[in-house]
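What follows is a short report on a single structure.
Just so it is clear: chains get the letters A, B, ... in the order the sequence lines come, proteins before strands, and each one is counted from 1. Source: prediction; values computed, not measured.
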Amino acid sequence: MIQYDTNERQFEVITTLDGLEDLLDKIGDGVAALDFETTSFTPQTGEVRLAQVCNKDVYAVIDFFAIGGFASVAKWFEDAAWIVFHAGFELRWFQYAGANPTCWDVGHLRRAIEGGGHFTLKKLVGWELGIEMSKEQQASNWSAPELSDEQLLYAARDALYTWDAWEKLKKRSDAGHMRAFNLLDGMLTAVIEMEETGLVLDRSVHQDLVDKWELLAVDREAEVRKMITEDEVANLNSGKQLSDFFSKIMPDHILEAWPRTEKTGALSTANDDLKQVGALVHGTPLQDTLILLSERSTLQKYISSFGTGLITRATMDPNRRVHARYNIAAAITCRFSSSAPNLQQIPRDRDFFGERLSVRRSFIAPEGKQLVSLDYSGIELRVLALLSGDEQLLDDMINGDVHLEVGSHMAGRKLDKKITADKEIRQSAKGVSFGIVYGITALGLSAAMKRSYEEAQSYIDFWASRYSKAFAFRDAVQTEAFDTGGYIRVIDGGTIWMGKRPSITKCANYPVQRAALSIMASAIIRHHETVVDLRSHGRDIRMASTIHDALIDEVAQADAQAALLAMKADMVGGYKDIFPHAPTDRLVEGGIGPNWGQLEDVEV
DNA sequence: CGAGAACGCGCG
DNA sequence: AAAGCGCGCGTTCTCG
């Protein structure tokens, strides 16, 4: 039984080429909502069965099986601009059919107004239209020769609601919102390119790495088992079982000092906490056990998160590549997220059980090619300086060294960057400055640094006096949020819903993180245009990844230098788009190399 | 049996 | 109020 609202608009079903031509003529070079139903998730393995279109004049469902297929008419859609939910999906089908129509993602407009996040059409329709949407037909069989009335109706409604939601959002948006929208939406084609390019995984190199981790893990397991039997703790992965065990055997004074988990109050088994408790029983076998447990946990993390899972993904791919998703504006601040797999969390190179570990070396440029990568240096502190107009912070960022300044205060003397001990102080000063960008309190900083409250407070005081405008910025943001009932206006023109009484920590960080994203978004848009242009001139160059403040291209050996220069120009350009008068000295750094772990620094 | 909470940890 | 921001994901465990 089909549930029709009596006021609901009636759609027509298009089953002929003439009918499609008439429909598209009516839309002309105007704007309409569009949604596809397809027989699979990818154009390589399926077909577009239905397209639903809707605006104030038209409301129709096109049956491509009846009119002889989608591919031959895909170009007909290039005159209009299409409003789509999750436009990357529809765009892929168009591109596969050799068409490139304008697609605007309605979700990006929502994110430009409210801030980013992950949501379905059903959610959006609930928020914007107050309608409870049924999605029961979504997984139905779109290959069937005859589609049921229910199938057609539910398909049609997706376009109707997409259109209504777009109209509603347009009414709520101003010029700033549209600027932010264009920034987010403008990244669509670049993102499709990065997702399609992926990164080649050298499976044998990576397997060797995983084998090493396995050996090290087996060794730790055996050592721990000399101290903790299987009867005592059946599964060493289980924090709960470990907590129960230690609660039983440890003396009260140790248990009192043992950090607890947040929700259940169990003994924390976080690595830092295991080591900290270990220090309380310094020199005992128990300390050894706790250290071994933390080492085992690290190895377990690497094996499960960065091990054979990646190899399997590469093996499944015809080109032995790992393809991640880059989800535009998935974070509140509209930063990207990456998923399936998350290539934005591949470990950095580090010392690892006496060796230099590089997981990133497993991601290679294929024969005859190079990876080219640049990142913005210190972008968040730079952005904070620019947003707050803090000349001292900007000057230290560009002509001096913020972390050395803060470190010198901490040490009570002038630090020398060439001395190892001073480098360590500088490193911990870096942590202080980052903490401050995140809005840390003296209490939090003292815990993080394992220093007294007074000492932590003195670092914050120093920071607040040297960079007073930057430090005061958070309060201005909070005042704005209170005044507007919870919205702040960010640098690219968009707004973010902060909640009615946002914390000072969020106020300190959101505008900064957002501005960094705005810069990168602009750079990505520029760079994709550049890359398409270079390709049309015979260069072999593709965008491959973005990791928040970094870009990676995969480029033919001969084109690597040119790609690097182009990337630099685009990243500097993106920065100047957002902060036109800001200095660009020492803005980007990076290099060229055979894999992600060996990018030789190049002066740019 | 599956969904979701809790914990923990990789990245910027 | 929420205790330093933002993510995704693997594992364990509980709940229905």
Could you write out each protein N or O paired with an N or O of nucleotides 4-8 of chain C at a distance under 3.5 Å?
{"unit_1": "C:dG4", "atom_1": "OP2", "unit_2": "A:T441", "atom_2": "N", "d": "3.3"}
{"unit_1": "C:dG4", "atom_1": "OP2", "unit_2": "A:T441", "atom_2": "OG1", "d": "3.0"}
{"unit_1": "C:dG4", "atom_1": "N2", "unit_2": "A:G435", "atom_2": "N", "d": "3.0"}
{"unit_1": "C:dC5", "atom_1": "O2", "unit_2": "A:Q513", "atom_2": "NE2", "d": "3.4"}
{"unit_1": "C:dG6", "atom_1": "OP1", "unit_2": "A:Y510", "atom_2": "OH", "d": "2.3"}
{"unit_1": "C:dG6", "atom_1": "O4'", "unit_2": "A:Q513", "atom_2": "NE2", "d": "3.2"}
{"unit_1": "C:dG6", "atom_1": "N3", "unit_2": "A:R335", "atom_2": "NH2", "d": "3.2"}
{"unit_1": "C:dC7", "atom_1": "OP1", "unit_2": "A:I332", "atom_2": "N", "d": "3.2"}
{"unit_1": "C:dG8", "atom_1": "OP1", "unit_2": "A:S337", "atom_2": "OG", "d": "2.9"}
{"unit_1": "C:dG8", "atom_1": "O4'", "unit_2": "A:N342", "atom_2": "ND2", "d": "3.1"}
{"unit_1": "C:dG8", "atom_1": "N2", "unit_2": "A:Q345", "atom_2": "NE2", "d": "3.2"}

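Tested against A:I254, the residues A:L267, A:L286, A:V281 include a single side chain to side chain contact (heavy atoms under 4.5 Å, CB included) partner, A:V281. None of A:H177, A:R179, A:R514 except one satisfies the side chain to side chain contact (heavy atoms under 4.5 Å, CB included) rule with A:D492; the exception is A:R514.
Side-chain contact of A:D211 with A:Q207: a donor-acceptor pair under 3.5 Å is present, judged by distance alone. A donor-acceptor contact under 3.5 angstrom links the side chains of A:Y326 and A:S545, judged on distance only.
Proximity of the aromatic rings of A:F89 and A:F41 is defined here by a centroid distance below 6.0 angstrom, and this criterion is not met. Residues A:F119 and A:W127 place their aromatic rings such that the two centres sit under 6.0 Å apart. Ring pair A:F471/A:Y467: centre-to-centre distance not below 6.0 Å.
Nucleotide C:dG10 holds its P atom 14 Å from the CH2 atom of A:W213, rounded to whole Å. Between A:L343 atom CG and B:dG12 atom P there is a gap of 13 Å when expressed in whole angstrom units.
Checked by atom type and distance alone, the side chain of A:T584 never pairs as donor or acceptor with a backbone atom of A:L587 at under 3.5 Å.
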Dot-bracket line, read 5' to 3' along DNA chain C, where crossing pairs take [ ] and | marks a partner on another strand, Watson-Crick or G-U under 3.5 Å: ....||||||||||||
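Counting non-hydrogen atoms under 4.0 angstrom, A:R474 reaches nothing in the nucleic acid. Counting any heavy atom pair closer than 4.0 Å across all strands shown, A:D375 reaches no nucleic acid atom.
Within residues 266-273 of chain A, the residues that place at least one heavy atom under 4.0 Å from DNA chain B are, in residue-number order, A:S268, A:T269, A:A270, A:N271.
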